[in-house]
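Here is the structure we will look at.
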Amino acid sequence: MVGQRRMMEKPSSLMNNTSHPLQDTITALGSSFSTRRIHPKCLKESTGLSNFTKAQRPSNFVFNDIMGFEKDSDSGVPVKDVKLALRGHVKECYKFNPDQEDGGLERPDWQPVNWTSLRSHSVQSHISKAMGSSQSKAPPVSPPSPLLEQPWRKVSEEYQSNLVFVNSYQPVNKQVKHLRILLHGPVGAGKSSFINSVDSVLKGRPAGRALTDSTSGTSYTKQYRTFELHKISGASYSFVFNDIMGFEQDDNGGVLVEDVKMALRGHVKEGYKFNPKKVLMEGDDGYKSYPTLEDKVHVMVCVVPADALSRLSDETVKKIREVRLAASELGIPQLAIITKVDEACPEVKKDTSNIYKSKYLKEQVERFHQLLGLPLNCIFLVQNNNQESNDNINPAILCALKRMLWYGEDFLKDQEHEFP
Ligand SMILES: Nc1nc2c(ncn2[C@@H]2O[C@H](COP(=O)(O)OP(=O)(O)OP(=O)(O)O)[C@@H](O)[C@H]2O)c(=O)[nH]1
Ligand SMILES: [Mg+2]
């Protein structure tokens with residue numbers, strides 16, 4: 001076996017797992033097979049990782065453990081020696097010599113091939129034999145499910161109560177009419193789409209006021225815009241979204257970090273067209289000199305796409321992090337939504353209600369948590385409502401929105417105490 005003990009962990013754990021479907025078969029292969037793991041001799045001899053060791057078991061097959069390959073050509077097992085091992089020329093406990101380019105094993109160390117002892121019995125063929133047929137194959141072991149049994153965040157159960165909360169939400173702080181949510185993140189992440197998603201969920205029909213674009217590359221949204229959402233009655237909800245230009249990979253395009261910081265403090269006027277080459281300054285047309293609490297951002301949401309999370313450039317991550325630190329300094333709470341979950345996970349594409357069951361997406365949440373340092377309970381998964389309405393999408397969107405309102409409300413309450 002080429003590799004380290006890690007490769008033995010699977011069969012070993014299988015032997016120790018009495019509920020595994022192959023356990024009966026493996027037990028039938030030898031009386032003490034399932035009770036003995038790796039022979040103590042093997043463990044001792046292979047500690048240095050450079051010996052040719054045989055893990056002996058009182059059954060019909062053995063494992064050979066050898067030194068591992070290493071990145072450097074002058075360390076690790078020489079390929080030639082592995083080839084010799086394949087042909088049975090390596091004696092038990094032979095110490096590999098990585099220094100010799102052509103393979104460390106000289107002719108005097110060769111052992112004559114004993115074809116009888118060398119006959120390779122794969123685990124597979126033993127299982128077939130134990131099953132009574134040399135032709136029959138081992139029963140297929142189903143791969144682990146890509147889904148958790150239970151969702152790690154319950155969004156469906158809370159859908160109705162979240163809807164009631166969002167509909168009736170009013171900021172306690174009477175200095176503001178609306179709670180302001182700023183969306184930022186890489187270009188094409190789904191910031192504008194998220195605004196449409198919320199609008200769609202609340203209207204119960206598709207909505208598309210925030211214009212979106214499907215050709216990725218440069219920022220589609222270029223202006224600072226506030227979206228007030230309306231109820232069927234015509235009244236407006238007590239929160240607004242601010243949509244801004246996205247971060248681009250290189251420094252020549254996309255919104256500037258300093259401009260996002262300006263937006264956080266309420267200095268960016270409605271309709272301001274971001275200039276990727278020039279920071280908004282006091283005295284500029286788009287600069288609001290005396291922002292009120294209403295103009296300031298009350299909760300900041302970073303939007304990132306699940307299907308490209310692993311490809312976010314260092315530069316983009318740096319920009320997101322800089323903005324996060326600026327928000328923290330201002331005491332502004334921060335959340336994140338991971339969009340395009342349907343593109344990243346086929347199980348979710350099939351059925352969006354699997355969103356919080358997907359193991360892969362949970363990993364992405366953890367990855368983003370590590371990347372940015374945001375607490376796990378502040379990161380939400382969302383599929384934007386970019387096609388026809390899909391009722392399974394709505395609970396996750398509302399769950400994220402409710403948390404935004406909660407956190408923004410806490411911030412506004414604190415401001416009430418600071419500026420009564
Ligand atoms: N499949 C899928 N596509 C999405 C999702 N969210 C957004 N999109 C698509 O992604 C593309 C970009 O979305 P936008 O909402 O324009 O992204 P943006 O972050 O506003 O982009 P910029 O304004 O350019 O910074 C559009 O074609 C959307 O339809 C999603 O959850 N799933
Ligand atoms: Mg946009």
Side-chain angles (χ1 to χ4, degrees), residues 19 141-169 181 183 185 189-191 193-204 206 239 299 301-310 312 333-410:
S19 61
V141 179
S142 43
S145 167
L147 298 175
L148 299 164
E149 274 185 25
Q150 296 295 326
W152 58 276
R153 184 174 281 149
K154 293 194 168 34
V155 290
S156 305
E157 290 86 335
E158 293 171 7
Y159 179 61
Q160 283 306 328
S161 64
N162 288 348
L163 200 56
V164 170
F165 176 84
V166 170
N167 272 313
S168 58
Y169 171 72
I181 304 165
L183 303 173
K191 300 179 289 297
S193 299
F194 182 69
I195 298 171
N196 293 333
S197 295
V198 172
D199 206 8
S200 304
V201 175
L202 297 178
K203 283 199 170 92
F239 57 89
V299 57
V301 179
C302 179
V303 185
V304 283
D307 61 336
L309 206 57
S310 53
L312 282 183
Q334 300 134 47
L335 302 169
I337 53 175
I338 298 182
T339 57
K340 304 195 181 180
V341 290
D342 51 323
E343 299 287 324
C345 175
E347 300 299 319
V348 173
K349 196 171 192 139
K350 260 189 258 158
D351 179 358
T352 317
S353 57
N354 284 331
I355 194 164
Y356 280 106
K357 281 188 179 172
S358 161
K359 290 179 186 169
Y360 174 75
L361 291 177
K362 189 165 187 283
E363 274 171 29
Q364 298 309 300
V365 170
E366 282 156 11
R367 175 196 282 254
F368 195 61
H369 153 71
Q370 277 163 10
L371 201 65
L372 219 65
L374 266 178
L376 284 170
N377 65 1
C378 292
I379 307 174
F380 293 80
L381 296 168
V382 157
Q383 181 184 330
N384 278 319
N385 205 344
N386 56 342
Q387 279 131 30
E388 281 309 299
S389 182
N390 170 353
D391 285 347
N392 288 336
I393 289 176
N394 299 353
I397 294 170
L398 266 199
C399 173
L401 176 62
K402 183 190 173 184
R403 199 63 72 90
M404 292 171 199
L405 298 183
W406 268 3
Y407 282 33
E409 175 63 15
D410 289 345

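Model, not experiment: these values are computed from the prediction.
Inter-residue side-chain proximity for W152 and L381 is flagged as met; some heavy-atom pair is nearer than 4.5 Å. A 4.5 Å side-chain heavy-atom check between L202 and L163 finds at least one atom pair inside the cut-off. Side-chain atoms of M404 and F380, non-hydrogen and from C-beta on, never get closer than 4.5 Å to each other. With a 4.5 Å cut-off on side-chain heavy atoms, I397 and V198 count as touching. Taking the side chain as every heavy atom from C-beta outward, V166 and F239 approach each other to under 4.5 Å. Under the 4.5 Å side-chain criterion, counting only non-hydrogen atoms from C-beta, L398 is not in contact with V155. Residues E343 and K349 have side chains in contact (heavy-atom distance under 4.5 Å, counting atoms from C-beta outward).
Formation of a donor-acceptor pair under 3.5 Å by the S353 side chain with backbone atoms of N392 is not found in this model.
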| said: Apply side chain to side chain contact (heavy atoms under 4.5 Å, CB included) to residues D342 and I393 and explain how you reach the verdict. | reply: CA-CA 10 Å; D342 51 323; I393 289 176; over 6 Å; no
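The CD1 atom of I355 lies 9.5 Å from the SG atom of C399; values are rounded to the nearest 0.5 Å. Atom NZ in K357 sits 7.0 Å away from atom CG in L147 (nearest 0.5 Å). Put simply, CZ on R153 and CD1 on I379 are 8.5 Å apart, with the number rounded to the nearest 0.5 Å. Between L361 atom CG and N354 atom CG the span is 9.5 Å, to the nearest 0.5 Å. A distance of 9.0 Å separates NZ in K191 from SG in C302, rounded to the nearest 0.5 Å. Summarising the geometry, atom CZ belonging to F368 is positioned 7.0 Å from atom CG belonging to L312; distances are rounded to the nearest 0.5 Å.
Nearest heavy-atom pair, C345 versus S358, reported as atom, atom and distance to 0.1 Å: SG-OG, 3.3 Å. The minimum heavy-atom distance linking I338 with Q364 is given by the pair CD1-O, 4.1 Å. For the pair C378 and Y407, the tightest heavy-atom approach, listed with the atom from each and the gap, is SG-CE2, 3.5 Å. Of all non-hydrogen atoms in L335 and L374, the two that sit nearest each other are C-CD1, 4.0 Å. Across N384 and S197, no two heavy atoms sit closer than the pair OD1-OG, 2.7 Å. The nearest pair of heavy atoms linking V303 to G190 is CG1-C, 4.0 Å.
Checked against side-chain hydrogen bond (donor to acceptor under 3.5 Å, both in side chains), D199 has the following partners two or more places apart in sequence or in another chain: K203.
Here salt bridge (charged side-chain N to carboxylate O under 4.0 Å, His left out) pairs that include residues 358-373, with residues two or more places apart or in two chains, are K362-E366. Counting only residues at least two apart or in different chains, side chain to side chain donor-acceptor pair (under 3.5 Å) contacts with residues 154-169 comprise N162-K402, N167-Y237, Y169-E409.
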